[in-house]
Structure formats: structure tokens, C-alpha cells
Number of protein chains: 2
Amino acid sequence: MTPTFFDYVERLNSLLRSWQRDDVQVSTVPAVQLSALRYLSICNHYSDTVTGVTEYLGLTKGTVSQSLKALEERQWLVKRLDPKDKRIVHLRPTQTGLALIQRLATLQVLENALAQLGAEAEQQLTALLHELLTQIQQQESRKSFGICSSCRFHQHRDGQPFCGLTRELLPGDAIELICREHQAPA
Amino acid sequence: MTPTFFDYVERLNSLLRSWQRDDVQVSTVPAVQLSALRYLSICNHYSDTVTGVTEYLGLTKGTVSQSLKALEERQWLVKRLDPKDKRIVHLRPTQTGLALIQRLATLQVLENALAQLGAEAEQQLTALLHELLTQIQQQESRKSFGICSSCRFHQHRDGQPFCGLTRELLPGDAIELICREHQAPA
DNA sequence: ATAAATGGTATCGAATCGAAACCAAGCTGA
DNA sequence: TCAGCTTGGTTTCGATTCGATACCATTTAT
């Protein structure tokens, strides 16, 4: 057997984990917490909840709830109750939390390697991965977590972005974030 | 912030984990064990050791040693002492173990998605990932785990594949497996 | 020949993660 | 309307994992 796509993804992930462990500030932080925080930094206001994180990471509610509690204690995120539905808790990374995620995302090694590949190849790679994930989502009943503006419910009202599902006007920065209710156009 | 390459890799990995948990037979098996077994199915006879797995997964010796013990107990791999150096233990997946890995690697969802993408796109994707990993390896002092036949030490003697580093003839199936001593040509 | 290095294992403890039980808020439907 | 169901979240508990450390055996170096 020779390495496949599957293997490369696994290897890449091993390396990412490995780098995280090398980072003194991050090494003590469990991977799930980092993933959760990262998700919260790229999801919109319909998706920044415990359930959102749960679906995205494919873990159980309990586990996620605990991880989020830990993140809150580290002051990397804050919780806010939903004004309409009092069951719902919104999670927002703090400045410190965002800075940490930023540091991780711009791992020097990875950045360099991507740069070496060339801008075109990088874009191609990202596009292919994006397409692959889209394909997967279409087969699965699983949530797609696509980008808001690419959703079949995405509309405009009075020149403002508008969600046809929730029937609400959308804040300007929401439309390029990912959403747990996302559905690809037919 | 909108999703980056980093995010896609993480998401893909979440999905892989998620699928593994859905599989009744595999769900109870820790991810590290699966990764280790998978590695052992694609590495050559210089790399099928505890240290090999340790370097590949970026974990500590102790952790890996335990995981391998568990794999042995499940009868998914067998240990064999090296005839020359009595410290070294070689690890070989059993038929059962290989079958399991095979099942995992051919996840229907992933297969389908890749098929939808088209053979050309899939090959491109794999090639890009391969290139990216090669780039990473060149920057890092880390082991590259490249494919034997692409190594700078790869030679031929009397029409047989030959390793210039160990100065040994190589078994025919070794040359398309990955090796922890691999070095890219200058 | 002694010391150092290498390959692996064993022990221990902290901390993660899943399962299940639980609570509160919203929804449904006669 | 109000009893039951569903949904969003938290808590508790226990098994399991993983890293740190110490340790042993074999090989290599001085």
C-alpha cells in the first residue's frame, strides 16, 4: 500500500498537533478546546452556540459543554444569553482568545510551505478541499457549515443582506462566516 | 475571518473522527491506535518500530508503547524481535488488522465525494498535499517519511533495489512504502 | 571497560471524553 | 389551557488515555 489522500490528511493533522505541542503557551491546552475556539472565530451568530460546536466537532454535548467551560475560565470566550430564547447561550471569543487562534493559524512552518507552493497552488488546494467538503455535505444528512453568502436562503432586502430561513436582516460581517443552517443552492 | 486551508484540514479531520465513531466496530478504539495501525500498513521494514510510530505521530514513547500493546492484545498486530539488534521490535499488522484499516480507508462517503470530484481533481488534490508535505519536511528538521523509491539514497545493484544508507538490498515491496530515514534528493 | 546513547517498557496521576441523568425553556395539540 | 414532548445546556460519574518520569537491556563510543 502506498499513501492515499486519507493518509495525507492524517499526517497533516499529526503535524499540526505536533506543532501545537511544541508551542509552550498552547501545549497544555487540549486540542478540542482549540478547535472549538477556532470554530467560534469563523461562525456566524446563528451558529455560535454549544450545539453549533457540538455538531461541527462531532462530539457529545457534555464533552463540549465542559470544554467551553474551561475556555471561559481561561477568559478566552464569554457567554451571553439569547435575548429571545432564554435556553440559548451565545459564545464569543475574547480578544485574547482571538489572538491565540491567530497565532495558531499563522504557524510559520505551514505559512512558509504554502508560500513555497505558490499562491496559485495554494488557492487551488483550498478550492479543491472546499469542493470536496461540499460534495461530502451533499451526500450526508450532516450539517454543511457553508459560508452564509453561498446559501440558498441568502437574499437581499432594501439593499441589506437577508436570511430567507430566519427571515431576518443580517449584520454585514455575518455573510462571510460559516453557518450551521447552511444549504447549498439546488 | 473566513475559512482557510487550516480550517479545512481541521474540518476534514473532525469528519473523519465522526465517521469512525459512527462505526460500531471501530467506535471504541482510540484514534491513536488506528493512526498507528494505519502507519504500520504503509511503512517499510526500517520504520515499523515503536520509535518509527512515535516520530510519525509526534507522541511520546510511553504513550505509543501502550497503544501498541493494546493493538497487540486485540491481535491486530504482532511483534517480532530484530535478528541483529535485540533492542528493536518490529511491528506487523495481522490480516485482521489490515482488513480493519482497509475498511476505514475506504469510507464510502469519502470515496463517493472523491469520485464526484473526478479522477483528475482527486489526483491533483493528492499531488498538492504531497507537495505541501514535502515542502514542510524540507524546512523542518523533522523526519520526512517519504516514499522509499524517491529517496536520495535509493539505488540499484545487480538490477535489485538497494539502499545507499543502510547498504542493503531491498525487498521488492519496500520501495513504494514510506521510510523514516527518507531524504529528498538535493 | 566504563560511560553514554538508543530502543522499549512499566508506573502513576491528571485530565479528557462519552453516557446518562437532569433541569429549564419553548412548543404542540387536544 | 395545561400536560407532554422537544430542544438547548449543564452536571456527575467512571473508564480511558496520554504525558512525565523512571527504569531496564542492548549497542556504541571513548
Side-chain angles (χ1 to χ4, degrees), chain A residues 14 17-18 20-24 26-37 40 45-74 77-91 143 166 180-181, chain B residues 14 17-18 20-24 26-37 40 45-74 77-91 143 166 180-181:
Chain A
S14 294
R17 287 288 140 75
S18 207
Q20 287 181 357
R21 256 192 305 274
D22 291 348
D23 184 316
V24 275
V26 175
S27 58
T28 64
V29 185
V32 194
Q33 290 185 31
L34 295 176
S35 298
L37 197 56
L40 290 172
H45 61 299
Y46 295 133
S47 318
D48 59 351
T49 66
V50 177
T51 315
V53 177
T54 301
E55 289 167 348
Y56 190 81
L57 297 182
L59 302 174
T60 60
K61 285 193 298 183
T63 301
V64 170
S65 181
Q66 283 180 87
S67 304
L68 294 172
K69 196 166 114 187
L71 282 174
E72 193 186 16
E73 278 160 10
R74 290 186 212 256
L77 66 75
V78 290
K79 296 185 174 178
R80 186 172 51 80
L81 284 178
D82 188 285
K84 294 200 177 140
D85 187 334
K86 287 186 215 143
R87 294 170 305 179
I88 297 179
V89 177
H90 291 277
L91 310 157
K143 302 277 171 96
T166 62
R180 55 183 284 233
E181 303 294 356
Chain B
S14 295
R17 288 287 141 76
S18 208
Q20 287 180 358
R21 255 192 306 272
D22 291 349
D23 184 315
V24 275
V26 175
S27 58
T28 64
V29 185
V32 194
Q33 290 184 31
L34 295 175
S35 298
L37 196 57
L40 290 172
H45 61 299
Y46 294 133
S47 319
D48 59 351
T49 65
V50 178
T51 315
V53 177
T54 301
E55 288 167 348
Y56 190 80
L57 298 183
L59 302 174
T60 59
K61 284 193 299 184
T63 301
V64 170
S65 181
Q66 283 181 86
S67 304
L68 294 172
K69 195 167 114 186
L71 283 175
E72 193 186 17
E73 279 161 8
R74 290 186 211 257
L77 66 76
V78 290
K79 296 185 174 178
R80 186 172 51 80
L81 283 179
D82 189 285
K84 296 200 174 138
D85 186 334
K86 288 186 215 144
R87 294 169 304 178
I88 297 180
V89 177
H90 292 276
L91 309 156
K143 302 278 171 96
T166 63
R180 55 183 284 235
E181 303 293 356

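Predicted, not measured: the structure shown is a model, and the values here were computed from it. All heavy atoms count here, side chains included; hydrogens, waters and symmetry mates do not.
- Counting any heavy atom pair closer than 4.0 Å across all strands shown, A:V64 reaches no nucleic acid atom.
- Residues forming a side-chain contact (heavy atoms from CB on, under 4.5 Å) with A:T51 (at least two apart in sequence, or on another chain): A:T49, A:E55, A:R180.
- Comparing D:dA20, D:dC18, D:dG9 against the side chain of A:V50 picks out D:dG9 as the nearest.
- Proximity of A:S65 to the phosphate of D:dT10: a side-chain N or O atom is located under 4.0 Å from OP1 or OP2.
- Dashed line: the shortest gap from a side-chain N or O of B:K69 to OP1 or OP2 of C:dG8 is not under 4.0 Å.
- Residues satisfying the side-chain contact (heavy atoms from CB on, under 4.5 Å) test with B:V29, not counting sequence neighbours, are B:Q33, B:L34, B:R74, B:W76.
- A:R87 meets the salt bridge (Lys or Arg N to Asp or Glu O under 4.0 Å) test with A:D85; sequence neighbours excluded.
- For the salt bridge (Lys or Arg N to Asp or Glu O under 4.0 Å) test, residues two or more places apart in sequence or in another chain that qualify with B:K79 are B:E72.
- Applying the side-chain hydrogen bond (donor to acceptor under 3.5 Å, both in side chains) rule to B:T166 yields the partners B:Y46; only residues at least two apart in sequence or on another chain are considered.
- Considering only residues two or more places apart in sequence or on other chains, A:D82 meets the salt bridge (Lys or Arg N to Asp or Glu O under 4.0 Å) condition with none of them.
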Protein and nucleotides 12-16 of chain D: nitrogen or oxygen contacts under 3.5 angstrom:
none

Protein-nucleic acid N or O pairs under 3.5 Å, nucleotides 27-30 of chain D:
unit_1	atom_1	unit_2	atom_2	d
D:dT27	OP1	B:K84	O	3.3
D:dT27	OP1	B:K86	N	3.1

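- Under the side-chain hydrogen bond (donor to acceptor under 3.5 Å, both in side chains) criterion, A:R17 pairs with no residue, sequence neighbours left out.
- Applying the side-chain hydrogen bond (donor to acceptor under 3.5 Å, both in side chains) rule to B:S67 yields no partners; only residues at least two apart in sequence or on another chain are considered.
- The side chain of B:T51 contributes an N or O atom lying less than 4.0 Å from OP1 or OP2 of C:dG8.
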Please write out each protein N/O paired with an N/O of nucleotides 21-23 of chain C under 3.5 Å, distance rounded to 0.1 Å.
none

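- The side-chain contact (heavy atoms from CB on, under 4.5 Å) check on B:V78 picks up B:R92, B:T94, with sequence neighbours excluded.
- Closest contact between the side chain of A:L59 and the listed nucleotides C:dG18, D:dT17, C:dG8 involves C:dG18.
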